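Notes to accompany the following structure.
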Amino acid sequence: MTRLTRDFFARDALVVAKALVGTTIVHQGKRARIVETEAYRGPKDLACHARAGLTKRTKPLFGPPGHAYVFLIYGMHECFNVTCKAEGAGHAVLIRAAEIEGERGDGPGRFARAMRFTRAHNSESLMTEHLHLLPRERRVRIAVSARVGVAYSGEWADMPYRFYDAASAHVSKPPKSAIGSATAKPRPRS
DNA sequence: CATATGATTCCA
DNA sequence: GGAATCATATGA
């Protein structure tokens with residue numbers, strides 16, 4: 001009853017991405033509070049899969065809003081997306097991290113695996129009994145940054161399309177490059 | 001048909 | 001810093 005409805009998803013991915021932070025996704029009884037998302041805005045967005053037009057792979061992406069778009073990346077990780085705006089728009093929001101009871105859900109691949117999402121869920125409705133979303137229960141302080149892993153998309157790589165809960169410790173990557181933790185050098189072989 | 005590559009993660 | 005690993009997109 002309090003579930004998010006089609007109207008929630010039928011908006012620009014940019015709006016939905018921001019609105020999704022802090023909401024809870026429910027799948028097969030597992031609940032996860034979404035803390036990090038990224039918006040992908042259709043064919044004009046060179047970082048979005050929709051840039052290649054309607055293909056076998058992107059078919060779910062061009063489907064009606066409020067449905068699942070799942071794809072395999074790097075040959076080993078599933079990425080779960082929520083379709084937005086309107087059928088044919090090619091808009092979607094990637095769920096990058098969430099707080100899951102007793103499990104790690106930080107990182108697109110980890111989130112999808114923890115929530116048991118696979119490509120078999122493509123085009124499934126996100127407004128059903130076993131798969132739906134619930135509105136936020138508390139106010140959330142949302143931070144913004146550029147998207148991750150899309151450096152190849154030129155000017156689109158710098159667009160502030162990544163949203164995350166500033167108070168959560170479960171975001172997949174640090175806001176700035178506060179990554180002071182210098183990467184260890186490969187140790188000399190013994 | 002052959003080839004290049006990516007909305008990542010893990011290990012050293 | 002670099003490998004792992006494969007479906008999809010793209011070009012011949």
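In what follows, chains carry the letters A, B, and so on, assigned in the order in which the sequence lines appear, proteins first and then strands, with residues in each chain numbered from 1. It should be emphasised that the depicted structure is a prediction, and the values quoted were computed from it without experimental measurement.
When the side-chain nitrogen and oxygen atoms of A:H49 are compared with OP1 and OP2 of B:dA7, one or more of them lie within a distance under 4.0 Å.
At whole-Å resolution of the value, CG in A:L61 and C1' in B:dA7 are 12 Å apart. Counting to the nearest Å, the P atom of B:dA7 and the OH atom of A:Y69 are 9 Å from each other.
With sequence neighbours excluded, no residue forms a salt bridge (charged side-chain N to carboxylate O under 4.0 Å, His left out) with A:E87. In terms of the salt bridge (charged side-chain N to carboxylate O under 4.0 Å, His left out) criterion, residue partners of A:E99 (sequence neighbours excluded) are, by chain and number, A:R33. Residues that satisfy the side-chain hydrogen bond (donor to acceptor under 3.5 Å, both in side chains) test with A:T24, not counting sequence neighbours, are absent from this structure. Checked against side-chain contact (heavy atoms from CB on, under 4.5 Å), A:A166 has the following partners two or more places apart in sequence or in another chain: A:R141, A:A143. With sequence neighbours left out, the salt bridge (charged side-chain N to carboxylate O under 4.0 Å, His left out) criterion links A:R41 to A:D12. Residues satisfying the salt bridge (charged side-chain N to carboxylate O under 4.0 Å, His left out) test with A:R119, not counting sequence neighbours, are A:E78.
Nucleic acid contact for A:Y152: sugar-phosphate only, since backbone atoms but no base atoms lie under 4.0 Å from a heavy atom of the residue.
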N/O to N/O distances under 3.5 Å, protein versus nucleotides 6-12 of chain C:
{"from": "C:dA9", "atom 1": "OP1", "to": "A:T55", "atom 2": "OG1", "distance (Å)": "2.2"}

Practice prompt. Dot-bracket for DNA chain B, please, read 5' to 3', with Watson-Crick or G-U wobble pairs under 3.5 Å on both distances, ( ) within the strand, [ ] crossing, | other strand, . unpaired.
Written response: ||||||.||||.
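Judged by distance alone, the side chain of A:H27 and the main-chain N or O of A:M115 form a donor-acceptor pair under 3.5 Å.
Below 30°, between 30° and 60°, or above 60°: for A:W156 and A:Y161 the angle between ring planes is between 30° and 60°, a tilted geometry.
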Listed pairs under 3.5 Å, donor-acceptor, residues 59-71 of chain A side chains, sequence neighbours left out:
{"from": "A:H67", "atom 1": "ND1", "to": "A:S123", "atom 2": "O", "distance (Å)": "3.1"}
{"from": "A:Y69", "atom 1": "OH", "to": "A:H49", "atom 2": "ND1", "distance (Å)": "2.9"}

Can you list, pair by pair, the side-chain donor-acceptor contacts under 3.5 Å of residues 131-138 of chain A, counting residues two or more places apart and other chains?
{"from": "A:H132", "atom 1": "ND1", "to": "A:T128", "atom 2": "O", "distance (Å)": "2.8"}
{"from": "A:H132", "atom 1": "ND1", "to": "A:E129", "atom 2": "O", "distance (Å)": "3.2"}
{"from": "A:R136", "atom 1": "NE", "to": "A:V21", "atom 2": "O", "distance (Å)": "2.8"}
{"from": "A:R136", "atom 1": "NH2", "to": "A:K18", "atom 2": "O", "distance (Å)": "3.1"}
{"from": "A:R136", "atom 1": "NH2", "to": "A:A19", "atom 2": "O", "distance (Å)": "3.3"}
{"from": "A:R136", "atom 1": "NH2", "to": "A:V21", "atom 2": "O", "distance (Å)": "2.8"}

Pairs of donor and acceptor atoms involving the side chains of residues 104-111 of chain A, under 3.5 Å and at least two apart or interchain, shall be tabulated with distances.
{"from": "A:R104", "atom 1": "NH2", "to": "A:D106", "atom 2": "OD2", "distance (Å)": "3.2"}

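Contacts between residues 89-117 of chain A and DNA chain C, defined by a heavy-atom separation under 4.0 Å, are absent.
Nucleotides C:dG2 and B:dT5, compared at atom C1', are 16 Å apart to the nearest Å.
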